[in-house]
Amino acid sequence: MGKGKTVAEKILAEHLVAGELKEGREIALRIDQTLTQDATGTMAYLEFEAIGVPRVRTELSVSYVDHNLVQSDFKNADDHRFLRSAARKFGLYFSPPGNGISHQIHLERFGMPGKTLLGSDSHTPTGGGLGMLAIGAGGLDVAMAMAGKPFYLLTPKIYGIRLTGSLQPWVSARDVLLEVLRRLSVKGGVGYIMEYFGPGVAALSVTDRATITNFGAELGATTSVFPSDDNTRRFLASQGREEHWRELTADAEYAEVMELDLSTLEPLIACPTSPDNVVSVREVAGKPVDQVLVGSCTNSSLRDLTVVARTLEQYELSRDLSFEINPGSRQVLENITARGDLLTLIHAGARVHQSGCLGCIGMGQAPPTDGISLRTFPRNFPGRSGTTGDQVYLCSPEVAVASAIKGVITDPRDLGDCPEFTLPEHYLPGEERIDQPWPQDNQVEIIRGPNIAPFPDFAPLPETWRGRVMLKVGDNITTDHIMPAGAKILPLRSNIPAISEYVFSQINERFAGEMKEAALAGTQGAIVGGENYGQGSSREHAALAPRYLGVQVKLVKSFARIHKANLINFGIVPLTFNDPADYELIEQGAELVIPGIKEALLGGRNSVTVEVDGRPLEAVIDLSARHREILAAGGLLNWARGN
Ligand code: MIC
Ligand code: SF4
C-alpha cells in the first residue's frame with residue numbers, strides 16, 4: 001500500500017485511541033454515534049444502567065423502535081415504554097414505533113461522513129453509504145460505547161471494489177451486491193472492510209450506496225464504505241443538512257481489488273435459503289409467486305418505492321398474490337404521499353403497512369405453505385419468515401414489481417421501458433415524531449413492566465472446564481438458528497430466562513430442557529460447529545441465552561465476527577479446531593475436559609488441549625489479552641466491575 005490512505009483507513013486513523021493499525025491487531029476506536037433498535041435495545045439499556053454512567057457520552061445516540069410493533073399483549077408495549085423512559089433518563093434521541101427502520105432514518109437524519117457509528121444491529125453498515133464507518137455490534141458493546149468507552153476490534157483488511165460503467169435500465173443497487181455475494185459467498189467478507197471506489201461510484205446515489213453497504217452485512221464483512229463526494233453533499237442538502245458534509249476520498253492503492261463493471265450486470269436473485277445462493281432472474285423466471293414484499297432496511301427508500309409505483313402506473317398487479325409495501329421511514333411515506341405515488345400503490349392493490357421491519361424479522365407477513373415469497377429484504381435464512389420450509393427469494397424492487405405484475409418470477413427487462421423519474425431536491429423531513437434528548441433530570445424514572453427481567457449474573461471461568469457436547473451442527477449456522485426471532489419469541493427479548501427456552505429450538509426442540517437436566521446434574525454445555533458459525537444478526541441473545549442455560553464453550557471451524565465478540569462478552573470461550581478434520585472425530589454427547597483452560601487463557605497461550613472422551617485434540621485460542629481477561633472473569637460486565 002502506498003503512503004496515502006483509503007477512506008476506511010482515514011476514519012480509523014482519526015478515531016484510534018489505542019493499538020496499532022496493523023492487520024489482525026486489536027485496536028480501540030472512539031465512537032461518535034450509536035444506534036439501538038428495540039429488539040436489542042432493551043437489553044442494551046439494562047446493560048448501560050448496570051455500567052452505572054448517568055448519561056450517554058457520545059456526540060449523538062438514538063434509540064429506535066422498529067422491529068416489534070405488534071403489541072399483541074402488554075410485553076411489547078411495556079418494552080416501548082421502557083425504551084422511551086430510558087432515552088429520557090440517559091439523554092438519547094428516541095424514535096417511537098411507526099417512524100421507520102433505524103438504518104433508513106439514521107441515514108436520512110443523523111449520519112455524517114467521516115464519523116464512527118456503532119449500532120446494535122448487523123445492518124448498521126447502511127451508514128457506509130454516506131461515508132461513515134458504521135459497524136454492527138452486540139448490545140453490550142454499544143452500551144459501553146454509550147458510556148464513552150472505546151470499541152475494540154481487530155484491525156480489518158481493506159478489500160477494494162472498483163466500480164466502472166453504469167447500471168442498465170431495470171438493474172439496480174441490489175444487483176451490485178448480489179453479484180458480489182455470488183462471487184464471494186456469505187463468509188467472503190469476514191475480517192474485511194469492503195471499500196467501493198472507481199469511476200462507477202459517481203453514478204450511484206447515496207440511497208443506492210446505502211443498499212450496497214447494508215446488504216454487504218451478508219458478506220460477513222466488518223463494514224462497507226463509499227467515499228463522500230458531490231452526490232453525498234447533494235443528498236445531505238436534500239435532507240436540509242448540507243453543513244454535515246465533508247469530502248472524503250481514498251488516496252491509496254488497495255492491496256486486494258475486485259473489478260465490477262456495472263454496465264454488465266443483469267437482474268439477479270438469491271434463491272432459498274441463503275443470500276449468496278445467487279442466479280440470474282432468467283434462470284428461475286416463470287415460477288409462480290404467492291407473495292411479493294417490498295421493504296426492509298435494504299430496499300425501502302424513496303427511490304425504491306417510486307420505481308415500484310411508477311411501474312404500476314402502467315400495469316396491473318396479478319390477483320393471485322399478495323403485494324405488500326413496508327416503507328422504510330415516515331419520511332419515505334410522507335414523500336411518496338406528497339408526490340402522489342402512494343395513491344398509485346393503493347389504487348393498484350398494494351397492501352401498504354406502517355414503516356418498520358415487519359415481515360423481515362418474521363413479525364407477520366409469513367408466506368403460505370410451499371408458496372414462493374419474493375422479498376427485497378437482506379436475509380432468507382430458513383424459517384425466518386415464520387413459515388417452516390419457506391421458499392424466500394431476495395431481489396431488487398424492480399424484479400419484485402415485475403413479478404407481482406406477471407404473477408411469476410419475471411426479469412423486469414421483459415416489461416419494456418423502465419420508468420424515468422427524478423427525486424426531490426428537498427425532502428419533507430418527516431422527523432416531527434423523533435424526540436429530542438431530554439436535559440438531565442434525576443426525577444425521570446425508568447418504567448419497567450413485569451416482562452423486563454434483570455440482567456443475569458454469571459460465574460467466572462473455572463481452572464479446568466468439564467462438560468458435554470450438547471449439540472453438534474454444520475457450516476454457516478446463523479443466529480436465527482441459535483436464537484430464533486418471529487412473533488412468538490421476539491416479545492421475550494427483555495426476559496432472558498423466558499427466551500432461553502427457545503435456544504436452538506429450530507434444530508432440537510428439547511435443547512433447553514436437555515441443558516436444564518444437564519445443569520441439575522452439574523454438567524456444563526459445549527457446542528461443536530463448522531465454518532462461519534454465528535453468521536447473520538448481531539443479537540447478543542444468541543450468546544446470552546445459551547450462557548444462561550449453561551453453555552460455556554464453543555468449538556467450531558470458524559466464527560462470524562459479531563457472534564464471536566458476543567460470546568466473549570458473555571463468558572463463552574470461543575475455540576477453533578487446529579485441524580478442521582478433528583470436527584469429524586467429535587460426536588454429540590461426548591464428554592469434554594479442558595484442563596487448565598483459565599491458565600491457558602491468562603498465560604497468553606495460542607492453543608489448548610481438549611480431551612474428548614479422554615482422547616486429546618488441539619484447539620486454537622485466537623484472542624486478545626483483553627478478551628482473555630474478560631473470559632476468565634466470566635464476561636464483560638464482571639470484568640468491567642473488577643476494573
Ligand atoms: C436481523 O435482521 O436479523 C435483525 C433482527 O435486525 C438483527 C437484530 C436482532 O436480532 O435484533 C440484526 O441484524 O442484528
Ligand atoms: Fe429490520 Fe430486517 Fe433490517 Fe434487520 S434486516 S434491521 S429485521 S429490516
Side-chain angles (χ1 to χ4, degrees), residues 1-29 114 116-118 122 124-125 127-129 131-137 141 150-163 176-177 179-198 201 209 212-227 248-260 276 531-535 538 557-565 568 574 576 606 620 622-624 626-627:
M1 207 162 286
K3 266 197 259 117
K5 288 190 173 65
T6 74
V7 170
E9 286 168 343
K10 286 182 183 175
I11 308 179
L12 286 169
E14 285 173 15
H15 291 83
L16 192 68
V17 286
E20 229 185 315
L21 282 170
K22 282 215 172 120
E23 225 173 271
R25 296 266 184 93
E26 190 175 60
I27 48 170
L29 293 181
T116 50
L117 166 68
L118 196 71
S122 64
T124 305
M132 313 184 80
L133 199 76
I135 303 179
D141 284 329
F151 173 62
Y152 293 85
L153 81 165
L154 302 181
T155 308
K157 295 175 271 185
I158 314 283
Y159 197 125
I161 301 192
R162 184 166 177 275
L163 301 178
V176 176
L177 215 277
E179 173 62 15
V180 179
L181 272 162
R182 197 180 63 76
R183 294 189 196 177
L184 296 183
S185 90
V186 288
K187 56 182 195 310
V190 176
Y192 285 97
I193 294 178
M194 317 302 286
E195 184 165 324
Y196 292 83
F197 71 108
V201 166
R209 296 174 189 182
I212 293 170
T213 59
N214 166 293
F215 198 26
E218 282 6 285
L219 294 162
T222 302
T223 188
S224 303
V225 66
F226 271 84
L248 201 52
T249 50
D251 44 31
E253 302 280 305
Y254 295 84
E256 287 171 77
V257 175
M258 175 196 284
E259 293 284 340
L260 212 162
D276 61 357
E531 301 282 2
N532 198 25
Y533 180 89
Q535 68 160 328
S538 69
K557 291 185 187 165
S558 65
F559 285 102
R561 175 188 66 88
I562 306 181
H563 188 59
K564 182 173 175 186
I568 297 165
T576 49
N606 293 332
V620 175
D622 182 11
L623 296 166
S624 71
R626 192 179 136 272
H627 289 154

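Side-chain atoms are counted along with the backbone in the values below, which use heavy atoms only and exclude waters and symmetry mates.
The side-chain hydrogen bond (donor to acceptor under 3.5 Å, both in side chains) test applied to Glu218 returns His123, Arg379, not counting sequence neighbours. Partners of Leu623 under the side-chain contact (heavy atoms from CB on, under 4.5 Å) rule, at least two apart in sequence or in another chain, are Lys564, Ile568, Pro574, Leu601, Ile621, His627, Arg628, Leu631. For Ser224, the side-chain contact (heavy atoms from CB on, under 4.5 Å) test picks out Met194, Tyr196, Thr213, with sequence neighbours left out. The ring pair (Phe, Tyr, Trp, His ring centres under 6.0 Å) test applied to Phe215 returns no partner, not counting sequence neighbours. Every residue two or more places apart in sequence or in another chain that forms a side-chain contact (heavy atoms from CB on, under 4.5 Å) with Arg561 is listed here: Ile135, Phe151, Thr222. When the salt bridge (Lys or Arg N to Asp or Glu O under 4.0 Å) test is applied to Glu179, the partners found at least two apart in sequence or on another chain are Arg182, Arg183. Every residue meeting the side-chain hydrogen bond (donor to acceptor under 3.5 Å, both in side chains) condition with Glu256, not counting sequence neighbours, appears here in chain and number order: Tyr192. The salt bridge (Lys or Arg N to Asp or Glu O under 4.0 Å) check on Lys187 picks up nothing, with sequence neighbours excluded. Partners of Ala8 according to the side-chain contact (heavy atoms from CB on, under 4.5 Å) rule, which considers only residues two or more places apart in sequence or in another chain, are Thr6, Leu133, Ile158, Ile193, Glu195, Val225. Contacts of Lys557 classified as side-chain hydrogen bond (donor to acceptor under 3.5 Å, both in side chains), with partners at least two apart in sequence or in another chain: none. Scored by the side-chain hydrogen bond (donor to acceptor under 3.5 Å, both in side chains) test, Tyr152 finds no partners at all (sequence neighbours excluded). Applying the salt bridge (Lys or Arg N to Asp or Glu O under 4.0 Å) criterion to Glu23, with sequence neighbours excluded, gives no partner residue.
Not one N or O on the side chain of Asp251 forms a donor-acceptor pair closer than 3.5 Å with the backbone of Gly4. Judged by distance alone, the side chain of Thr223 and the main-chain N or O of Ala134 form a donor-acceptor pair under 3.5 Å.
The aromatic rings of Phe197 and Tyr254 lie parallel to each other, with less than 30° between the two planes, well short of the 60° mark.
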